[in-house]
Amino acid sequence: MKVTRSNSSKSLNTEKIFSFMLVLLSFVLILLTLNSNVFSNRIDAHDSSMFLYFGKGISEGLIPYKDMFDHKGIVLFFIQYIANIVGLGNIFLGIFLVEAVFLLIALIFLYKTSYLVSRNHLICGVVILISSGLFSELYEGGNLSEEYALTFISISMYYFLKEIIGDSLKSYHYFLLGLMGGLVFFIRLNMISLWVVFCIGIAVREIIKKSFVSLFRKAFYIFLGGMSIVLLIIVFSIMTNSVEEMIFQTFTLNMQYSSTSLKERVAAFIFFFGLFSVYGLPIWFTVLFSKIVIKYREIEVEKRSVIVLILIALILNLFTIVVSGRNYRHYGITEIPFLIVL
């Protein structure tokens with residue numbers, strides 16, 4: 001028996017190490033596709049150049065929205081500012097280091113989330129490696145708003161799934177979920193599908209169980225986390241006398257940006273369907289859906305809830321992607337966590 005246990009332990013450790021190497025390989029491969037990597041001589045795309053300008057501008061005393069114009073959220077511009085600090089004034093080096101950290105954290109949490117569902121280290125590592133091509137295509141050279149939102153979404157998905165499966169989170173975890181939601185909201189407000197779906201899912205479950213005290217505690221800390229970001233941004237905007245400009249460019253302008261025709265939205269849907277079809281995702285979802293329908297009663301209630309919530313979040317997120325009617329590949333980045341977990 002001891003030998004069996006020892007062999008089993010060694011096998012598990014070998015599997016973990018091999019899976020870690022696969023994730024590390026994915027990390028390196030994706031990094032090499034970024035425009036900011038040290039071996040690249042490619043010029044940054046329009047959006048990335050604008051964001052870098054904001055970061056550099058903040059470091060030189062310019063005020064976002066007041067002295068510089070863009071419809072993205074202020075969190076994105078402060079990420080660029082941090083990059084300028086990290087790079088000691090060399091914002092191109094700084095942004096590469098920041099992107100590397102964000103990507104590594106995203107991959108780690110996507111791996112952890114996949115393991116929550118599959119309980120197989122090898123499968124998780126292989127899925128991450130296979131997905132590296134999708135990462136590279138959707139990143140479009142990197143330093144785009146969705147890239148940074150992906151990290152916050154990946155962290156939050158892990159804790160949301162942990163909550164649904166085991167209901168074992170501490171109060172600070174719920175605060176963290178609210179904090180992450182606030183950060184994503186102020187990168188771009190249409191990327192919070194995960195929080196909308198899972199918060200409603202948790203609320204419905206607690207109401208059914210009549211756990212009203214638990215519901216209040218969870219809602220309170222999530223709200224507190226989100227409001228902490230809102231208050232910080234409001235205070236900054238008041239101090240810089242840029243409240244009106246911030247509201248117009250962050251919210252009003254984004255609403256106008258999304259005002260497109262049904263024809264354009266249908267065209268955008270067809271574009272993204274074709275994009276994901278290249279990776280065989282529609283076929284995979286057909287097989288997955290068929291399996292769920294056939295073996296629905298055999299699936300544990302918690303896992304059933306996870307699958308349903310992820311599918312709803314994926315569909316809602318897809319709607320937010322196509323609502324602008326624009327065919328930009330990087331819009332699809334926020335679908336990655338849902339696709340990998342499923």
Side-chain angles (χ1 to χ4, degrees), residues 45-48 50-51 69-76 131 133-154 156-157 181-201 246-289 307-342:
H46 174 268
D47 282 3
S48 176
M50 280 295 298
F51 304 154
F69 186 93
D70 197 89
H71 65 93
K72 296 296 192 299
I74 197 166
V75 171
L76 177 62
S131 303
L134 183 61
F135 270 90
S136 301
E137 179 163 4
L138 298 183
Y139 267 41
E140 293 192 291
N143 193 34
L144 299 167
S145 55
E146 291 80 5
E147 173 187 350
Y148 301 109
L150 172 67
T151 301
F152 301 132
I153 292 170
S154 301
S156 299
M157 177 176 278
L183 289 169
V184 170
F185 185 80
F186 280 99
I187 290 178
R188 205 169 75 202
L189 55 88
N190 69 330
M191 297 192 288
I192 58 169
S193 303
L194 176 73
W195 285 267
V196 172
V197 172
F198 275 83
C199 285
I200 292 174
M246 184 273 288
I247 291 174
F248 174 73
Q249 292 175 48
T250 304
F251 300 106
T252 308
L253 199 59
N254 265 311
M255 299 296 279
Q256 295 173 357
Y257 186 78
S258 299
S259 299
T260 52
S261 68
L262 177 61
K263 183 179 179 181
E264 289 173 309
R265 291 171 182 174
V266 170
F269 174 80
I270 293 171
F271 171 80
F272 281 103
F273 184 83
L275 176 62
F276 291 126
S277 294
V278 173
Y279 295 89
L281 294 175
I283 297 173
W284 163 243
F285 278 116
T286 302
V287 173
L288 176 65
F289 185 75
I307 292 170
V308 170
L309 289 173
I310 289 177
L311 283 173
I312 293 172
L314 184 148
I315 293 168
L316 178 60
N317 192 68
L318 180 61
F319 172 77
T320 66
I321 288 173
V322 303
V323 73
S324 70
R326 290 170 172 81
N327 302 339
Y328 298 141
R329 280 180 169 79
H330 59 268
Y331 281 6
I333 291 174
T334 53
E335 287 282 65
I336 290 176
F338 307 112
L339 298 173
I340 284 181
V341 172
L342 287 174

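Positions are given from 1 along the sequence.
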For Thr151, all residues meeting side chain to side chain contact (heavy atoms under 4.5 Å, CB included), sequence neighbours excluded: Phe102, Ile105, Ala106, Ile155
Closest non-hydrogen atoms of Met50 and Asp70, given as atom of the first, atom of the second and distance, are CE-OD1, 3.9 Å
Kindly write out the residues that satisfy side chain to side chain donor-acceptor pair (under 3.5 Å) with Gln249, not counting sequence neighbours, or none if the list is empty. none
If you measure from CG on Leu318 to CZ on Phe273, what distance do you get to the nearest 0.5 Å? 10.0 Å
Can you list everything that forms a side chain to side chain contact (heavy atoms under 4.5 Å, CB included) with Val308? Sequence neighbours excluded, please. Ile312
If we only count heavy atoms from C-beta on, is the Leu183 to Tyr148 side-chain gap below 4.5 Å? no
Working to the nearest 0.5 angstrom, can you tell me the gap between Ser193 OG and Ile321 CD1? 8.0 Å
Taking only distance into account, with no hydrogens and no angle test, what donor-acceptor pairs under 3.5 Å do side-chain atoms of residues 333-342 form with protein atoms, sequence neighbours excluded?
{"from": "Thr334", "atom 1": "OG1", "to": "Asn317", "atom 2": "ND2", "distance (Å)": "3.0"}
{"from": "Thr334", "atom 1": "OG1", "to": "Tyr331", "atom 2": "O", "distance (Å)": "3.4"}
{"from": "Glu335", "atom 1": "OE1", "to": "Asn317", "atom 2": "ND2", "distance (Å)": "2.9"}

I need the Ile307 CD1 to Leu309 CG distance, nearest 0.5 Å. 10.5 Å
For Glu147, which residues count as a side chain to side chain donor-acceptor pair (under 3.5 Å) partner, sequence neighbours excluded? none
Considering all heavy atoms, the nearest Ala149-Met191 contact: CB-CE, 3.5 Å
Please enumerate all residues that pass side chain to side chain donor-acceptor pair (under 3.5 Å) together with Asn190, with sequence neighbours excluded. Arg188
Only counting residues at least two apart or in another chain, list the ones meeting side chain to side chain contact (heavy atoms under 4.5 Å, CB included) with Ile270. Val266
Hey, is CZ on Phe69 packed in by over 12 heavy atoms from elsewhere, all under 6.0 Å? yes
Arg265: partners by salt bridge (charged side-chain N to carboxylate O under 4.0 Å, His left out), with sequence neighbours left out: none
Show, in sequence, the C-alpha distance, side-chain angles and deciding distance for Leu134 and Phe276, and conclude whether the side-chain contact (heavy atoms from CB on, under 4.5 Å) test is met. CA-CA 9 Å; Leu134 183 61; Phe276 291 126; 4.2 Å; yes
Quick one: CD1 on Ile310 to CG on Leu194, what's the gap to the nearest 0.5 Å? 9.0 Å
Within the 4.5 Å heavy-atom criterion, are Met246 and Phe251 side-chain neighbours or not? yes
Nearest heavy-atom approach of Lys72 to Asp47 is NZ-OD2, 4.3 Å
What pair of heavy atoms forms the shortest contact from Phe51 to Ser145, and how long is it? CE1-N, 4.1 Å
Report the distance from atom CD of Glu140 to atom NE2 of His330, rounding to the nearest 0.5 Å. 6.0 Å
For Arg326, the salt bridge (charged side-chain N to carboxylate O under 4.0 Å, His left out) test, sequence neighbours excluded, returns none
All salt bridge (charged side-chain N to carboxylate O under 4.0 Å, His left out) counterparts of Glu264, not counting sequence neighbours: none
I want to check something: taking the side chain as every heavy atom from C-beta on, are Phe271 and Val322 in contact at a cut-off of under 4.5 Å? no
Flag the pair Leu144 / Tyr328 as yes when at least one side-chain heavy-atom distance between them is below 4.5 Å, and no otherwise. no
All side chain to side chain donor-acceptor pair (under 3.5 Å) counterparts of Tyr279, not counting sequence neighbours: Glu137
Euclidean distance, Phe272 CZ relative to Asn327 CG, rounded to 0.5 Å: 6.5 Å
Applying side chain to side chain contact (heavy atoms under 4.5 Å, CB included) to Ile315 and not counting sequence neighbours gives none
For Ser48 and Asn143, work out which heavy atoms get closest and say how close. OG-ND2, 2.9 Å
